[in-house]
Amino acid sequence: MAEKVVLIDGNSIAYRAFFALPLLNNDKGVYTNAVYGFTTMLLKILEEDQPDHLLVAFDAGKTTFRHKTYKDYKGGRQKTPSELSEQFPVLKELLDAFGIKYYQLEQYEADDIIGTLATQAGDKGLDVKVISGDKDLLQLVSDNITVSLTKKGITNVDTYDPEFLMEKMEVRPDQVIDLKALMGDSSDNIPGVPGVGEKTAVKLLKQFDKLENVYNQLDEVSGKKLKEKLETNKDEAFMSKELVTINRDSPIEVSLEDLTFKGYETHTVSQFFKELGFQSLLSRVQEGGEGDTETAVDEIDIEVVSEISSELFTGKEAMVVEMLHDNYHQSPIEGISIVNDEKKYFMTIEQATDSEAFKAWAENPEQEKWVFDAKAATVALLHHGIHIQGITFDLLLASYLINPAENNHDIPAISHRMGETGVQYDEEVYGKGAKMKLPDEETFRSHIGRKADMIFRLKKQAEDQLKQNEQFELYQELEMPLALILGEMEHQGVRLDVDRLKGMGEELEGRLDKVQEEIFELAGETFNLNSPKQLGPILFETLELPVIKKTKTGYSTSADVLEQLADQHEIIPKILLYRQLGKLKSTYIEGLLKVVHEDTNKIHTRFNQALTQTGRLSSIDPNLQNIPIRLEEGRKIRQAFVPSQEGWVMFASDYSQIELRVLAHIAQDEKLMQAFKEGLDIHTQTASEVFGVAQDEVTSDMRRQAKAVNFGIVYGISDYGLSQSLGITRKEAQAFIDKYFESYPGVKDYMGETVSEAKRTGYVTTFMNRRRYLPDITSRNFNKRSFAERTAMNSPIQGSAADIIKKAMIDLDHRLKEENFQATMILQVHDELILEAPEEEVEKLKEVVASVMTSTVDLDVPLEVDYSYGPTWYDAK
DNA sequence: TTAATCACGC
DNA sequence: GACGTACGTGATTAAC
């Protein structure tokens, strides 16, 4: 059977749906009726037609090539109601969720895209189905192209083939344009011949076959009036014909292969339906629903090994070390699956640990292992005394580098993006939350077997993609080795002085009680001080303080608001103090005590290496990258972070101004580079430039403002952001920024170039070719576009800094091992490395750490690090 | 469970 | 001029 191609006229169907359905909105107040109607139509097509190729075509901008012929084309049309236009982005998100391609082309209409693709597919002998509400498309009908037009509602359609067209309209497909040329079309403002309607037009076409013949043989037209009308409107008629003719050779950049549709991920779609509030459609995509394209799980033959022998291994196997929970420091291993090009196995962790053959294989670096999340597998197996080596492929890291913007880096989502199906989401198999549990053994073994199988199948494609993006080195030389180092750091953990922490907690508790008491006294009533919703009315109604900012739900009571009210009422400083202390107690004292391991007094964070959009790491469970430092009160928390052995010290080393140095290098800005080469204080230097005074005339306030500007440059904040952080107007903030660019013209040029590069390629890159895609950079929405532009300027800076410290970690790890240091890295906080080391190694460590960190890359400005050490992290300042 | 608000770091 | 503004993690409240 021929493959089936379905082409949908997106605008037309969305319009139909919008007007056919009442103006529904969901609980967020977003209108969804057009999206809803479109979805019902889509589900019907997926169920009934099961297309092999699928595309939704949209109209592009306001003008099309037809406007050159006739400037009033589609003139007089009602403007698209905003209630509908706001639904188009949502509709596109929906299509993304389904994994359905959509396309639009400047200067062309959806019709032309459809006409071009339908013609191409038809020529290849494929079955084409076009879906629209627009009769113009009937001209495409042929032996293998049908056109379905919506009747009443959206899902009710008439499907036209040549016979049906003849029966209904008494014309052949090729005559549709002649018909329109004669009768015109008021909705598109196509004139046609005034006074000629459908009846007359059909009669003429029956007699003369086509428009040209009507005019060639005008004498033979019966009726004087009609002849006159045709005569005087000849130009309009021919122009109309040109206007309604669909372009079948549009310069489209998609091919049929791009449209291949292999079904959608049930999980992703139902998630999206839930967000939109499409409860009634859920059953159609979920298990047992009639439209269930749920991960078609192929039969898989998993062999449960009875005895592990070296013969099982070929030297290239994919492996899944399965755990039910994501914290691999704690979660038990439920089973292991191994897939190579010969067989698929399942084994229990007991079988694996009891087997010398398994250990020999696992610890042999020559035997390749391909996994998803090397760090998790490595750490989990370490708990069983297995030091796995030879991991040469990590699907998680590959997927992250290919596109960090994807928020789903799990095996089913990745495989779907790579055009494969066959793996279910863990949630589908295990359930979630409290209901999570192992399924029956057979199901479990098949599930993790399919995962390993998918890793095996996707390796080549993922690596090819990385190579194509010139990211293979980044992947293989940076992220992969780093994963193992991070695993060691996490596994090693950080020792906490639990008693000290508890002592601080008790002290805080006393102070909190006292402050709370005082606040209630001043407020004249007791209430839940942790509830902004309750605090708001007390401050702004009972105490009648001026309202500075509101949130969606009421008064804002955030710190920046309260600070502005600080001298208006003595309750305010007390609330700020309560908040500050409360944060320390709940997040840091109690939070850390909750995750400390009782037997070792250690905490084991997890660094997420595949999350941030810039390439930085993040840290969870606990987050050790946001331990207080700014305020002395909070900084004391660091006194509880201690070395794991007697006679050891905490050693911290941080890059000084790494982002600004990276910026100086990338932008090749002479002044900025010079400042760093001379070892100037960069904030003072910037102040001197921006305020136009000599270095020694820079006041501390000027330096403070300049620092905020530098900060803004590094983090890509807007004039608004800068105005907020300095408490000045947006205009003043903009003036600062302008002045900054004047001072550092190289930076200004760099910013401009980066943005235009992003517009050209769609992404920006770092030193090591890390990518960040910025689809919004060409958005017509000012906000989205501005945000994308700032991201374009900032990401290469922040991301390159992340590249550098990651590389430094790898270099340092090598050096420490090579030179037999006992010292080890235990934490990374973006521009800072924290180690613990025996006191006697400190002198050597100072030299090694500093030299490795400063020489890991060679920039046109020097890199500098500051280091220090002491008995606790607090003292390493 | 999920959204909103707040606060900590870089 | 629009409009809502760096990236993360986590605690808490208050709705469901």
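By convention in this document, chain letters (A, B, ...) are assigned in the order of the sequence lines, proteins followed by strands, and residues within each chain are numbered from 1.
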Engineer: Do A/Arg616 and B/dG9 share a donor-acceptor pair, side chain to base, under 3.5 Å?
Structural biologist: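 In this structure, the two groups form no donor-acceptor pair.
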Engineer: Can you tell me if the side-chain N/O atoms of A/Thr557 get under 4.0 Å from OP1 or OP2 in B/dC6?
Structural biologist: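 Looking at the OP1 and OP2 atoms of B/dC6, one of them is under 4.0 Å from a side-chain N or O of A/Thr557.
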Engineer: Rounded off to whole Å, could you give me the OH-to-C1' distance for the A/Tyr720 and C/dA2 pair?
Structural biologist: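 Distance check: A/Tyr720 OH to C/dA2 C1' gives 15 Å.
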Engineer: Tell me whether the guanidinium CZ or amine NZ of A/Arg730 lies under 6.0 angstrom from the six-membered ring centre of A/Tyr720 and within 45° of its axis.
Structural biologist: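 Verdict for A/Tyr720: no cation-pi partner in A/Arg730.
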Engineer: Could you work out which one of C/dC7, B/dA4, B/dC10 sits closest to the side chain of A/Tyr715?
Structural biologist: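 Output: B/dC10.
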Engineer: Tell whether A/Ser718 reaches the base of C/dT5 with its side chain through a donor-acceptor pair below 3.5 angstrom.
Structural biologist: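 Donor-acceptor pair under 3.5 Å: yes.
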Engineer: Between A/Asp719 and A/Ser586, which has a closest nucleotide on DNA chain C that is more 5'?
Structural biologist: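 Looking at DNA chain C, the more 5' nearest nucleotide goes with A/Asp719.
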Engineer: Who is the Watson-Crick or G-U wobble partner of C/dC3, with both distances under 3.5 Å?
Structural biologist: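 By the stated definition (distances under 3.5 Å), nothing pairs with C/dC3.
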Engineer: Can you tell me how far OG1 of A/Thr765 sits from CZ of A/Arg770, rounded to the nearest 0.5 angstrom?
Structural biologist: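 The distance works out to 11.0 Å.
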Engineer: I want to confirm an ordering. Mapping A/Thr614 and A/Pro622 to their closest nucleotides on DNA chain C, which one lands closer to the 5' end?
Structural biologist: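 Between the two, 5'-proximity favours A/Thr614.
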Engineer: For the P atoms, the ones on C/dT5 and on B/dC6, what distance do you get once it is rounded to whole angstrom?
Structural biologist: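 Pairwise P distance, C/dT5 against B/dC6, rounds to 14 Å.
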Engineer: According to the Watson-Crick and G-U wobble definitions, with both distances under 3.5 Å, which nucleotide is paired to B/dT1?
Structural biologist: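 Its partner is C/dA15.
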Engineer: Donor-acceptor pair, A/Thr551 side chain versus A/Ser556 backbone, under 3.5 Å?
Structural biologist: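 Answer holds: no.
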Engineer: Which of these nucleotides, B/dC10, C/dA14, C/dT12, is closest to any side-chain atom of A/Asn530?
Structural biologist: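 Looking only at side-chain atoms, A/Asn530 lies closest to C/dT12.
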Engineer: Tell me the interatomic distance from A/Lys583, atom NZ, to C/dT9, atom C1', rounded to whole angstroms.
Structural biologist: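 One finds 8 Å between C1' of C/dT9 and NZ of A/Lys583, rounded.
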Engineer: Taking C-beta and beyond as the side chain, do A/Lys636 and A/Gln639 meet within less than 4.5 Å on heavy atoms?
Structural biologist: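 Side chain of A/Lys636 against side chain of A/Gln639, heavy atoms only: contact under 4.5 Å found.
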Engineer: Between C/dA6, B/dA7, B/dT5, which one does the side chain of A/Arg579 approach most closely?
Structural biologist: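 Of the candidates, B/dA7 comes closest.
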